[in-house]
2 protein chains.
Amino acid sequence: MTDTTTRRIAKDALYDGFATIGRALAAGRRAEIVELLAQGERSVEQVARELDQSVANTSHHLRTLARAGLVGSQRSGTHVRYRLASDDVLELWAAVRRVAAAQLEGFDELATGYLGARDEVEVVDRDEVLDRLARGEVLLVDVRPVAEYAAGHLPGAISVPPDRLELLDDLPADRDVVAYCRGPYCVYADDAVRRLHRLGRRAMRLEDGLPEWRRANGPIAVGG
Amino acid sequence: MTDTTTRRIAKDALYDGFATIGRALAAGRRAEIVELLAQGERSVEQVARELDQSVANTSHHLRTLARAGLVGSQRSGTHVRYRLASDDVLELWAAVRRVAAAQLEGFDELATGYLGARDEVEVVDRDEVLDRLARGEVLLVDVRPVAEYAAGHLPGAISVPPDRLELLDDLPADRDVVAYCRGPYCVYADDAVRRLHRLGRRAMRLEDGLPEWRRANGPIAVGG
DNA sequence: TCGCTGTTCAAACCGTTGCTTGAATGTCGA
DNA sequence: TCGACATTCAAGCAACGGTTTGAACAGCGA
(Lines give C-alpha, C1' and ligand atoms only; values in the text may rest on other atoms or scores of the structure.)
Protein backbone atom coordinates (compact mmCIF):
# COMPACT_ATOMS: atom_id res chain seq x y z
CA MET A 1 0.00 0.00 0.00
CA THR A 2 1.41 3.38 -0.96
CA ASP A 3 2.02 6.12 1.52
CA THR A 4 -0.60 8.39 0.01
CA THR A 5 -3.33 5.75 0.35
CA THR A 6 -2.56 5.17 4.02
CA ARG A 7 -2.81 8.93 4.47
CA ARG A 8 -6.08 8.92 2.60
CA ILE A 9 -7.45 6.25 4.91
CA ALA A 10 -6.28 8.09 8.02
CA LYS A 11 -7.77 11.33 6.73
CA ASP A 12 -11.10 9.67 6.03
CA ALA A 13 -11.06 8.20 9.52
CA LEU A 14 -10.38 11.59 11.07
CA TYR A 15 -13.21 13.22 9.17
CA ASP A 16 -15.51 10.33 10.00
CA GLY A 17 -14.68 11.34 13.56
CA PHE A 18 -15.79 14.90 12.91
CA ALA A 19 -18.88 13.46 11.28
CA THR A 20 -19.92 11.64 14.44
CA ILE A 21 -20.49 15.06 15.96
CA GLY A 22 -22.74 15.93 13.06
CA ARG A 23 -24.46 12.55 13.25
CA ALA A 24 -25.25 13.15 16.91
CA LEU A 25 -27.23 16.21 15.88
CA ALA A 26 -28.72 14.54 12.82
CA ALA A 27 -31.95 13.44 14.49
CA GLY A 28 -34.70 15.81 15.48
CA ARG A 29 -35.31 14.13 18.83
CA ARG A 30 -31.66 14.43 19.73
CA ALA A 31 -31.68 18.08 18.79
CA GLU A 32 -34.59 18.55 21.19
CA ILE A 33 -32.62 16.77 23.88
CA VAL A 34 -29.65 19.08 23.42
CA GLU A 35 -31.89 22.12 23.61
CA LEU A 36 -33.51 20.75 26.74
CA LEU A 37 -30.24 19.86 28.46
CA ALA A 38 -29.02 23.35 27.69
CA GLN A 39 -31.51 24.38 30.36
CA GLY A 40 -29.88 22.21 32.99
CA GLU A 41 -29.46 18.58 33.92
CA ARG A 42 -32.33 16.11 33.66
CA SER A 43 -33.01 12.48 34.36
CA VAL A 44 -33.86 10.13 31.50
CA GLU A 45 -37.45 10.04 32.61
CA GLN A 46 -37.73 13.83 32.70
CA VAL A 47 -36.32 14.11 29.22
CA ALA A 48 -38.60 11.39 27.91
CA ARG A 49 -41.69 13.06 29.36
CA GLU A 50 -40.82 16.45 27.91
CA LEU A 51 -40.16 14.95 24.47
CA ASP A 52 -43.21 12.68 24.47
CA GLN A 53 -40.99 9.72 23.77
CA SER A 54 -40.58 6.32 25.31
CA VAL A 55 -38.01 6.08 28.05
CA ALA A 56 -36.17 3.34 26.17
CA ASN A 57 -35.87 5.42 23.04
CA THR A 58 -34.79 8.45 25.02
CA SER A 59 -32.15 6.43 26.80
CA HIS A 60 -30.96 5.22 23.44
CA HIS A 61 -30.64 8.76 22.11
CA LEU A 62 -28.84 9.89 25.23
CA ARG A 63 -26.35 7.10 24.76
CA THR A 64 -25.75 8.21 21.20
CA LEU A 65 -25.15 11.76 22.35
CA ALA A 66 -22.86 10.50 25.09
CA ARG A 67 -20.83 8.41 22.65
CA ALA A 68 -20.29 11.52 20.56
CA GLY A 69 -19.18 13.35 23.67
CA LEU A 70 -21.98 15.90 23.64
CA VAL A 71 -23.52 14.91 26.96
CA GLY A 72 -22.22 13.47 30.18
CA SER A 73 -24.04 11.64 32.94
CA GLN A 74 -23.77 11.08 36.61
CA ARG A 75 -25.54 8.64 38.85
CA SER A 76 -27.32 10.17 41.80
CA GLY A 77 -29.11 7.49 43.76
CA THR A 78 -31.59 5.68 41.59
CA HIS A 79 -31.57 8.38 38.93
CA VAL A 80 -29.01 9.17 36.26
CA ARG A 81 -28.63 12.84 35.57
CA TYR A 82 -27.62 13.91 32.10
CA ARG A 83 -26.11 17.27 31.17
CA LEU A 84 -24.31 18.92 28.27
CA ALA A 85 -20.64 18.04 28.34
CA SER A 86 -19.36 21.61 28.06
CA ASP A 87 -20.07 25.12 26.90
CA ASP A 88 -18.54 24.20 23.57
CA VAL A 89 -21.62 22.10 22.96
CA LEU A 90 -23.81 25.07 23.74
CA GLU A 91 -21.98 27.09 21.15
CA LEU A 92 -22.15 24.30 18.63
CA TRP A 93 -25.87 24.12 19.09
CA ALA A 94 -26.18 27.89 18.75
CA ALA A 95 -24.19 27.70 15.51
CA VAL A 96 -26.55 25.04 14.17
CA ARG A 97 -29.57 27.19 14.97
CA ARG A 98 -27.97 30.21 13.36
CA VAL A 99 -27.17 28.38 10.14
CA ALA A 100 -30.62 26.81 9.99
CA ALA A 101 -32.31 30.16 10.50
CA ALA A 102 -30.18 31.93 7.95
CA GLN A 103 -29.70 29.32 5.25
CA LEU A 104 -32.08 26.43 5.48
CA GLU A 105 -34.72 26.43 2.80
CA GLY A 106 -38.21 26.39 4.31
CA PHE A 107 -37.03 27.08 7.82
CA ASP A 108 -39.28 30.09 8.29
CA GLU A 109 -42.36 27.99 7.61
CA LEU A 110 -41.24 25.43 10.18
CA ALA A 111 -40.61 28.11 12.77
CA THR A 112 -43.92 29.80 12.11
CA GLY A 113 -45.70 26.47 12.27
CA TYR A 114 -44.49 25.94 15.80
CA LEU A 115 -44.17 29.45 17.18
CA GLY A 116 -46.88 31.24 15.23
CA ALA A 117 -46.40 34.40 13.21
CA ARG A 118 -43.55 36.23 14.79
CA ASP A 119 -43.72 39.60 13.12
CA GLU A 120 -46.30 40.56 15.69
CA VAL A 121 -43.91 39.77 18.51
CA GLU A 122 -41.39 42.53 19.08
CA VAL A 123 -37.91 41.40 20.05
CA VAL A 124 -35.41 43.21 22.26
CA ASP A 125 -31.78 42.29 22.76
CA ARG A 126 -29.67 41.87 25.84
CA ASP A 127 -28.22 45.35 26.01
CA GLU A 128 -31.52 47.09 25.52
CA VAL A 129 -33.17 45.08 28.27
CA LEU A 130 -30.37 45.84 30.71
CA ASP A 131 -30.68 49.47 29.78
CA ARG A 132 -34.40 49.73 30.23
CA LEU A 133 -34.30 47.63 33.37
CA ALA A 134 -31.82 50.03 34.92
CA ARG A 135 -34.18 52.89 34.13
CA GLY A 136 -37.08 50.99 35.67
CA GLU A 137 -39.01 51.10 32.44
CA VAL A 138 -39.86 47.43 32.10
CA LEU A 139 -41.21 44.48 34.00
CA LEU A 140 -39.30 41.25 33.43
CA VAL A 141 -41.27 38.02 33.24
CA ASP A 142 -39.73 34.55 33.34
CA VAL A 143 -42.01 32.17 31.47
CA ARG A 144 -40.52 28.82 32.42
CA PRO A 145 -41.48 26.06 34.83
CA VAL A 146 -40.91 27.08 38.44
CA ALA A 147 -38.07 24.61 38.92
CA GLU A 148 -36.06 26.29 36.21
CA TYR A 149 -36.86 29.71 37.59
CA ALA A 150 -35.62 28.60 40.98
CA ALA A 151 -32.41 27.25 39.48
CA GLY A 152 -31.58 30.68 38.14
CA HIS A 153 -33.31 33.64 36.53
CA LEU A 154 -32.76 37.22 35.48
CA PRO A 155 -32.55 39.54 38.51
CA GLY A 156 -35.92 41.08 39.21
CA ALA A 157 -37.82 38.73 36.93
CA ILE A 158 -41.27 37.58 38.03
CA SER A 159 -42.03 33.89 37.60
CA VAL A 160 -45.01 33.14 35.38
CA PRO A 161 -44.95 29.40 34.60
CA PRO A 162 -46.21 28.47 31.14
CA ASP A 163 -49.19 26.59 32.57
CA ARG A 164 -50.26 29.59 34.63
CA LEU A 165 -50.30 32.34 32.04
CA GLU A 166 -53.43 33.80 33.67
CA LEU A 167 -51.05 35.31 36.22
CA LEU A 168 -50.14 37.79 33.52
CA ASP A 169 -53.56 39.38 33.83
CA ASP A 170 -52.79 40.75 37.29
CA LEU A 171 -49.38 42.20 36.53
CA PRO A 172 -48.87 45.85 37.54
CA ALA A 173 -49.86 47.91 34.52
CA ASP A 174 -47.46 50.79 34.92
CA ARG A 175 -44.67 49.37 32.78
CA ASP A 176 -44.06 47.50 29.55
CA VAL A 177 -43.38 43.78 29.89
CA VAL A 178 -40.39 41.84 28.59
CA ALA A 179 -40.84 38.08 28.61
CA TYR A 180 -38.16 35.45 28.18
CA CYS A 181 -37.98 31.69 28.43
CA ARG A 182 -35.65 28.93 27.27
CA GLY A 183 -34.30 30.34 24.08
CA PRO A 184 -35.13 31.80 20.69
CA TYR A 185 -37.21 28.76 19.70
CA CYS A 186 -39.15 28.41 22.91
CA VAL A 187 -42.87 29.13 22.62
CA TYR A 188 -43.57 30.22 26.15
CA ALA A 189 -42.47 33.82 25.84
CA ASP A 190 -44.37 34.23 22.58
CA ASP A 191 -47.51 32.89 24.19
CA ALA A 192 -47.09 35.35 27.05
CA VAL A 193 -46.51 38.31 24.77
CA ARG A 194 -49.60 37.47 22.70
CA ARG A 195 -51.74 37.16 25.78
CA LEU A 196 -50.54 40.54 27.02
CA HIS A 197 -51.28 42.04 23.62
CA ARG A 198 -54.84 40.77 23.83
CA LEU A 199 -55.07 42.57 27.15
CA GLY A 200 -54.07 45.74 25.36
CA ARG A 201 -50.64 45.91 26.97
CA ARG A 202 -47.30 46.63 25.41
CA ALA A 203 -45.09 43.54 25.58
CA MET A 204 -42.07 42.07 23.85
CA ARG A 205 -39.80 39.09 24.09
CA LEU A 206 -36.14 38.94 24.95
CA GLU A 207 -34.13 37.62 22.05
CA ASP A 208 -32.13 35.27 24.26
CA GLY A 209 -33.24 32.55 26.57
CA LEU A 210 -31.63 31.92 29.89
CA PRO A 211 -28.80 29.70 28.59
CA GLU A 212 -27.68 32.37 26.11
CA TRP A 213 -27.95 35.02 28.80
CA ARG A 214 -25.83 33.00 31.17
CA ARG A 215 -23.35 32.20 28.42
CA ALA A 216 -22.94 35.93 27.79
CA ASN A 217 -22.24 36.47 31.48
CA GLY A 218 -25.46 38.31 32.12
CA PRO A 219 -26.40 38.70 35.81
CA ILE A 220 -28.28 35.78 37.34
CA ALA A 221 -30.35 35.49 40.51
CA VAL A 222 -30.97 32.16 42.19
CA GLY A 223 -33.83 30.87 44.34
CA GLY A 224 -37.36 31.64 44.99
CA MET B 1 -56.64 16.32 17.44
CA THR B 2 -55.83 18.22 20.58
CA ASP B 3 -53.92 21.48 20.54
CA THR B 4 -50.94 20.06 22.38
CA THR B 5 -50.48 17.28 19.83
CA THR B 6 -50.49 19.69 16.90
CA ARG B 7 -47.88 21.69 18.77
CA ARG B 8 -45.89 18.54 19.36
CA ILE B 9 -45.95 17.78 15.65
CA ALA B 10 -44.90 21.29 14.74
CA LYS B 11 -42.12 21.21 17.30
CA ASP B 12 -40.84 17.90 15.99
CA ALA B 13 -40.91 19.30 12.47
CA LEU B 14 -38.93 22.36 13.53
CA TYR B 15 -36.29 20.29 15.23
CA ASP B 16 -36.15 17.92 12.29
CA GLY B 17 -35.26 21.09 10.42
CA PHE B 18 -32.40 21.80 12.78
CA ALA B 19 -31.38 18.17 12.38
CA THR B 20 -30.95 18.55 8.61
CA ILE B 21 -28.02 20.82 9.39
CA GLY B 22 -26.52 18.11 11.55
CA ARG B 23 -27.29 15.47 8.94
CA ALA B 24 -25.43 17.50 6.34
CA LEU B 25 -22.30 17.17 8.46
CA ALA B 26 -23.00 13.57 9.39
CA ALA B 27 -20.87 12.01 6.67
CA GLY B 28 -17.11 12.12 6.67
CA ARG B 29 -16.83 12.91 2.99
CA ARG B 30 -19.16 15.87 3.37
CA ALA B 31 -17.12 17.12 6.30
CA GLU B 32 -14.07 17.01 4.05
CA ILE B 33 -15.96 18.96 1.42
CA VAL B 34 -16.86 21.65 3.90
CA GLU B 35 -13.27 21.93 5.05
CA LEU B 36 -12.12 22.13 1.45
CA LEU B 37 -14.68 24.73 0.42
CA ALA B 38 -13.64 26.79 3.43
CA GLN B 39 -10.46 27.38 1.42
CA GLY B 40 -12.36 28.89 -1.49
CA GLU B 41 -14.68 27.88 -4.28
CA ARG B 42 -14.14 24.74 -6.29
CA SER B 43 -15.73 22.89 -9.18
CA VAL B 44 -17.26 19.46 -8.66
CA GLU B 45 -14.37 17.89 -10.45
CA GLN B 46 -11.78 19.66 -8.30
CA VAL B 47 -13.53 18.57 -5.14
CA ALA B 48 -13.83 14.99 -6.37
CA ARG B 49 -10.14 14.81 -7.22
CA GLU B 50 -9.05 16.16 -3.86
CA LEU B 51 -11.33 13.74 -2.00
CA ASP B 52 -10.45 10.72 -4.13
CA GLN B 53 -14.11 10.18 -4.81
CA SER B 54 -16.14 9.67 -7.94
CA VAL B 55 -17.54 12.79 -9.51
CA ALA B 56 -21.06 11.40 -9.27
CA ASN B 57 -20.78 10.75 -5.57
CA THR B 58 -19.21 14.13 -4.99
CA SER B 59 -22.00 15.82 -6.89
CA HIS B 60 -24.47 13.91 -4.79
CA HIS B 61 -22.85 15.08 -1.57
CA LEU B 62 -22.71 18.64 -2.81
CA ARG B 63 -26.40 18.51 -3.53
CA THR B 64 -27.06 17.29 0.00
CA LEU B 65 -25.01 20.14 1.41
CA ALA B 66 -26.81 22.59 -0.86
CA ARG B 67 -30.23 21.33 0.24
CA ALA B 68 -29.22 21.95 3.84
CA GLY B 69 -28.15 25.46 2.87
CA LEU B 70 -24.48 24.97 3.73
CA VAL B 71 -23.12 25.52 0.25
CA GLY B 72 -24.19 27.55 -2.75
CA SER B 73 -23.26 27.18 -6.38
CA GLN B 74 -22.87 29.30 -9.41
CA ARG B 75 -22.46 28.36 -13.04
CA SER B 76 -19.46 29.83 -14.76
CA GLY B 77 -19.21 28.59 -18.31
CA THR B 78 -19.02 24.83 -18.40
CA HIS B 79 -18.09 24.58 -14.72
CA VAL B 80 -20.22 24.90 -11.64
CA ARG B 81 -18.40 26.55 -8.80
CA TYR B 82 -19.40 25.59 -5.27
CA ARG B 83 -18.69 27.64 -2.16
CA LEU B 84 -19.74 27.82 1.48
CA ALA B 85 -22.99 29.69 1.82
CA SER B 86 -21.80 32.11 4.50
CA ASP B 87 -19.39 32.75 7.33
CA ASP B 88 -21.94 31.20 9.68
CA VAL B 89 -21.09 27.88 8.09
CA LEU B 90 -17.42 28.47 8.75
CA GLU B 91 -18.19 29.05 12.40
CA LEU B 92 -20.43 26.03 12.56
CA TRP B 93 -17.63 23.92 11.18
CA ALA B 94 -15.17 25.42 13.65
CA ALA B 95 -17.57 24.57 16.48
CA VAL B 96 -17.80 20.98 15.28
CA ARG B 97 -14.02 20.68 15.22
CA ARG B 98 -13.75 22.20 18.67
CA VAL B 99 -16.27 19.83 20.20
CA ALA B 100 -14.71 16.82 18.50
CA ALA B 101 -11.25 17.76 19.72
CA ALA B 102 -12.38 18.41 23.26
CA GLN B 103 -15.02 15.78 23.83
CA LEU B 104 -14.97 12.99 21.30
CA GLU B 105 -13.66 9.74 22.68
CA GLY B 106 -10.71 8.48 20.66
CA PHE B 107 -10.30 11.68 18.71
CA ASP B 108 -6.64 12.08 19.61
CA GLU B 109 -5.82 8.72 18.08
CA LEU B 110 -7.61 9.67 14.88
CA ALA B 111 -5.78 12.99 14.71
CA THR B 112 -2.43 11.40 15.41
CA GLY B 113 -3.12 8.73 12.81
CA TYR B 114 -3.46 11.35 10.13
CA LEU B 115 -1.18 14.13 11.30
CA GLY B 116 1.45 12.18 13.17
CA ALA B 117 2.51 12.83 16.74
CA ARG B 118 1.89 16.45 17.38
CA ASP B 119 3.66 17.03 20.64
CA GLU B 120 6.84 17.48 18.67
CA VAL B 121 5.28 20.27 16.64
CA GLU B 122 5.25 23.55 18.51
CA VAL B 123 2.20 25.72 17.95
CA VAL B 124 1.96 29.51 18.00
CA ASP B 125 -1.18 31.59 17.98
CA ARG B 126 -2.24 34.56 15.92
CA ASP B 127 -1.15 37.30 18.28
CA GLU B 128 2.28 35.85 18.89
CA VAL B 129 2.95 35.49 15.18
CA LEU B 130 1.94 39.09 14.50
CA ASP B 131 4.17 40.14 17.35
CA ARG B 132 7.24 38.25 16.22
CA LEU B 133 6.63 39.17 12.60
CA ALA B 134 6.64 42.83 13.53
CA ARG B 135 9.98 42.34 15.26
CA GLY B 136 11.37 40.53 12.21
CA GLU B 137 12.07 37.43 14.25
CA VAL B 138 10.39 34.85 12.06
CA LEU B 139 10.06 33.71 8.50
CA LEU B 140 6.49 32.92 7.43
CA VAL B 141 5.92 29.97 5.11
CA ASP B 142 2.65 29.25 3.31
CA VAL B 143 2.42 25.52 2.72
CA ARG B 144 -0.51 25.33 0.32
CA PRO B 145 -0.88 24.81 -3.42
CA VAL B 146 0.22 27.87 -5.38
CA ALA B 147 -3.31 28.67 -6.54
CA GLU B 148 -4.44 29.11 -2.97
CA TYR B 149 -1.39 31.15 -2.13
CA ALA B 150 -2.16 33.43 -5.06
CA ALA B 151 -5.77 33.83 -3.95
CA GLY B 152 -4.60 35.25 -0.62
CA HIS B 153 -1.89 34.69 1.95
CA LEU B 154 -0.36 36.20 5.05
CA PRO B 155 1.66 39.31 4.23
CA GLY B 156 5.31 38.43 3.80
CA ALA B 157 4.70 34.69 3.61
CA ILE B 158 6.86 32.66 1.22
CA SER B 159 5.03 30.09 -0.87
CA VAL B 160 6.24 26.52 -0.41
CA PRO B 161 3.72 24.20 -2.07
CA PRO B 162 3.21 20.85 -0.33
CA ASP B 163 4.65 18.95 -3.29
CA ARG B 164 7.80 21.06 -3.30
CA LEU B 165 8.87 20.84 0.32
CA GLU B 166 12.52 20.63 -0.80
CA LEU B 167 12.31 24.40 -1.22
CA LEU B 168 12.47 24.56 2.55
CA ASP B 169 16.09 23.44 2.45
CA ASP B 170 17.22 26.69 0.87
CA LEU B 171 15.39 29.08 3.17
CA PRO B 172 17.51 31.80 4.77
CA ALA B 173 18.74 30.40 8.05
CA ASP B 174 18.83 33.57 10.10
CA ARG B 175 15.34 33.27 11.55
CA ASP B 176 12.91 30.75 12.99
CA VAL B 177 10.20 29.53 10.64
CA VAL B 178 6.46 29.60 11.18
CA ALA B 179 4.48 27.47 8.75
CA TYR B 180 0.75 27.52 8.13
CA CYS B 181 -1.64 25.91 5.70
CA ARG B 182 -5.37 25.25 5.47
CA GLY B 183 -6.29 24.84 9.09
CA PRO B 184 -5.62 23.01 12.32
CA TYR B 185 -6.18 19.60 10.69
CA CYS B 186 -4.15 20.19 7.58
CA VAL B 187 -1.00 18.08 7.33
CA TYR B 188 1.07 20.34 5.13
CA ALA B 189 2.38 22.64 7.84
CA ASP B 190 3.25 19.69 10.09
CA ASP B 191 5.17 18.06 7.27
CA ALA B 192 7.07 21.27 6.71
CA VAL B 193 7.90 21.74 10.39
CA ARG B 194 9.18 18.17 10.66
CA ARG B 195 11.35 18.55 7.61
CA LEU B 196 12.84 21.74 9.04
CA HIS B 197 13.46 19.97 12.33
CA ARG B 198 15.39 17.28 10.51
CA LEU B 199 17.50 20.06 9.04
CA GLY B 200 18.25 21.15 12.57
CA ARG B 201 16.21 24.32 12.33
CA ARG B 202 13.77 25.81 14.78
CA ALA B 203 10.25 25.74 13.30
CA MET B 204 6.67 25.79 14.47
CA ARG B 205 3.20 25.86 13.01
CA LEU B 206 0.58 28.56 13.19
CA GLU B 207 -2.44 27.36 15.08
CA ASP B 208 -4.85 28.76 12.48
CA GLY B 209 -5.10 28.14 8.80
CA LEU B 210 -5.86 30.82 6.32
CA PRO B 211 -9.68 30.64 6.68
CA GLU B 212 -9.49 31.19 10.43
CA TRP B 213 -6.98 33.98 9.96
CA ARG B 214 -9.21 35.72 7.45
CA ARG B 215 -12.26 35.18 9.65
CA ALA B 216 -10.42 36.91 12.50
CA ASN B 217 -9.70 39.87 10.23
CA GLY B 218 -5.99 39.18 10.04
CA PRO B 219 -4.13 41.05 7.28
CA ILE B 220 -4.14 39.34 3.88
CA ALA B 221 -2.00 39.85 0.81
CA VAL B 222 -3.16 38.83 -2.66
CA GLY B 223 -1.27 37.70 -5.76
CA GLY B 224 2.41 36.99 -6.05
C1' DT C 1 -25.47 21.12 -36.15
C1' DC C 2 -22.16 17.86 -34.02
C1' DG C 3 -19.17 16.24 -30.58
C1' DC C 4 -16.79 17.17 -26.29
C1' DT C 5 -16.66 17.98 -21.48
C1' DG C 6 -18.47 18.88 -16.97
C1' DT C 7 -22.28 17.90 -14.31
C1' DT C 8 -26.48 15.71 -12.79
C1' DC C 9 -29.90 12.06 -12.60
C1' DA C 10 -31.84 7.18 -11.63
C1' DA C 11 -31.66 2.77 -10.01
C1' DA C 12 -29.80 -0.66 -7.16
C1' DC C 13 -27.16 -2.57 -3.25
C1' DC C 14 -26.22 -2.82 1.41
C1' DG C 15 -25.14 -1.16 5.79
C1' DT C 16 -26.98 2.00 9.35
C1' DT C 17 -30.39 4.02 12.27
C1' DG C 18 -34.90 5.39 14.74
C1' DC C 19 -38.38 3.48 17.13
C1' DT C 20 -41.08 -0.31 19.42
C1' DT C 21 -41.55 -4.14 22.47
C1' DG C 22 -40.24 -7.03 26.20
C1' DA C 23 -36.82 -8.49 29.20
C1' DA C 24 -32.66 -7.60 32.18
C1' DT C 25 -29.89 -4.85 35.22
C1' DG C 26 -28.97 -2.07 39.12
C1' DT C 27 -30.02 0.76 43.22
C1' DC C 28 -32.66 2.00 47.12
C1' DG C 29 -35.99 1.31 51.06
C1' DA C 30 -38.39 -1.88 53.97
C1' DT D 1 -33.20 -10.29 51.28
C1' DC D 2 -37.13 -8.81 48.71
C1' DG D 3 -39.84 -5.68 46.02
C1' DA D 4 -40.28 -1.34 43.63
C1' DC D 5 -38.58 1.80 40.58
C1' DA D 6 -35.30 4.03 37.13
C1' DT D 7 -32.56 2.86 33.54
C1' DT D 8 -30.44 0.00 30.07
C1' DC D 9 -30.12 -3.85 26.89
C1' DA D 10 -31.50 -6.89 22.87
C1' DA D 11 -34.07 -8.12 18.98
C1' DG D 12 -36.69 -6.82 15.09
C1' DC D 13 -38.80 -3.93 11.52
C1' DA D 14 -39.12 -0.28 8.36
C1' DA D 15 -36.94 3.68 6.51
C1' DC D 16 -33.00 6.15 5.25
C1' DG D 17 -28.44 7.16 3.30
C1' DG D 18 -23.62 6.39 1.03
C1' DT D 19 -21.68 4.51 -2.81
C1' DT D 20 -21.40 2.55 -7.44
C1' DT D 21 -22.73 2.21 -12.15
C1' DG D 22 -24.52 3.75 -16.42
C1' DA D 23 -27.15 6.92 -18.72
C1' DA D 24 -28.99 11.71 -19.47
C1' DC D 25 -28.43 16.51 -19.70
C1' DA D 26 -26.39 21.03 -20.28
C1' DG D 27 -22.90 24.61 -22.42
C1' DC D 28 -19.27 25.42 -25.39
C1' DG D 29 -16.29 25.31 -29.59
C1' DA D 30 -15.86 23.89 -34.35
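Note on naming: letters A, B, ... go to the chains in the order of the sequence lines (proteins, then strands), and numbering restarts at 1 for each one. Heavy atoms only: backbone and side chains are in, while hydrogens, waters and symmetry mates are out.
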Check whether any side-chain nitrogen or oxygen of [X] sits under 4.0 Å from OP1 or OP2 of [N], and answer yes or no.
{"X": "A/Y82", "N": "D/dT8", "result": "yes"}
{"X": "B/H61", "N": "D/dT19", "result": "yes"}
{"X": "B/S59", "N": "C/dT8", "result": "yes"}
{"X": "A/R23", "N": "C/dT16", "result": "no"}
{"X": "B/H79", "N": "C/dT7", "result": "yes"}
{"X": "B/R75", "N": "C/dG6", "result": "no"}

Taking the side chain of B/S54 as heavy atoms from C-beta outward, which of C/dT20, C/dT8, D/dT21 is closest to it? D/dT21
Which nucleotide, C/dC19, D/dT19, D/dT7, lies nearest any side-chain atom of A/V44?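 Nearest listed nucleotide: D/dT7.
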Whole Å only: how far is the [atom1] atom of [X] from the [atom2] atom of [N]?
{"X": "A/Q53", "N": "C/dG18", "atom1": "CD", "atom2": "C1'", "result": "9 Å"}
{"X": "B/Q46", "N": "C/dT7", "atom1": "CD", "atom2": "P", "result": "8 Å"}
{"X": "A/D16", "N": "D/dT19", "atom1": "CG", "atom2": "C1'", "result": "13 Å"}
{"X": "B/R67", "N": "D/dC16", "atom1": "CZ", "atom2": "P", "result": "13 Å"}
{"X": "A/N57", "N": "C/dG22", "atom1": "CG", "atom2": "P", "result": "15 Å"}
{"X": "B/Q74", "N": "D/dA26", "atom1": "CD", "atom2": "P", "result": "19 Å"}

Base, sugar-phosphate, or nothing: which does A/R30 touch, judged by heavy atoms less than 4.0 Å apart? sugar-phosphate
Any base atoms under 4.0 Å from A/A56, or only sugar-phosphate, or nothing? Heavy atoms, all strands. base
For A/R29 and B/R63, take the nucleotide of DNA chain C holding the closest heavy atom to each; which residue's nucleotide lies nearer the 5' end?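 The 5'-side residue here is B/R63.
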Can you establish whether the number of heavy atoms outside A/R118 located under 6.0 Å from its atom CZ is more than 12?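 Yes.
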Does a salt bridge link A/R8 with B/E32, judged by any charged N lying under 4.0 Å from a carboxylate O? yes
Qualifying residue for salt bridge (charged side-chain N to carboxylate O under 4.0 Å, His left out) with B/E35, from B/R97, B/R30, B/R182, B/R29: B/R97
For A/R49, which of A/Q46, A/Q53, A/E45 qualifies under side chain to side chain donor-acceptor pair (under 3.5 Å)? A/E45
Take A/K11 and B/D52 through the test salt bridge (Lys or Arg N to Asp or Glu O under 4.0 Å) and record every step on the way to the result. CA-CA 11 Å; A/K11 180 170 188 183; B/D52 250 332; over 6 Å; no
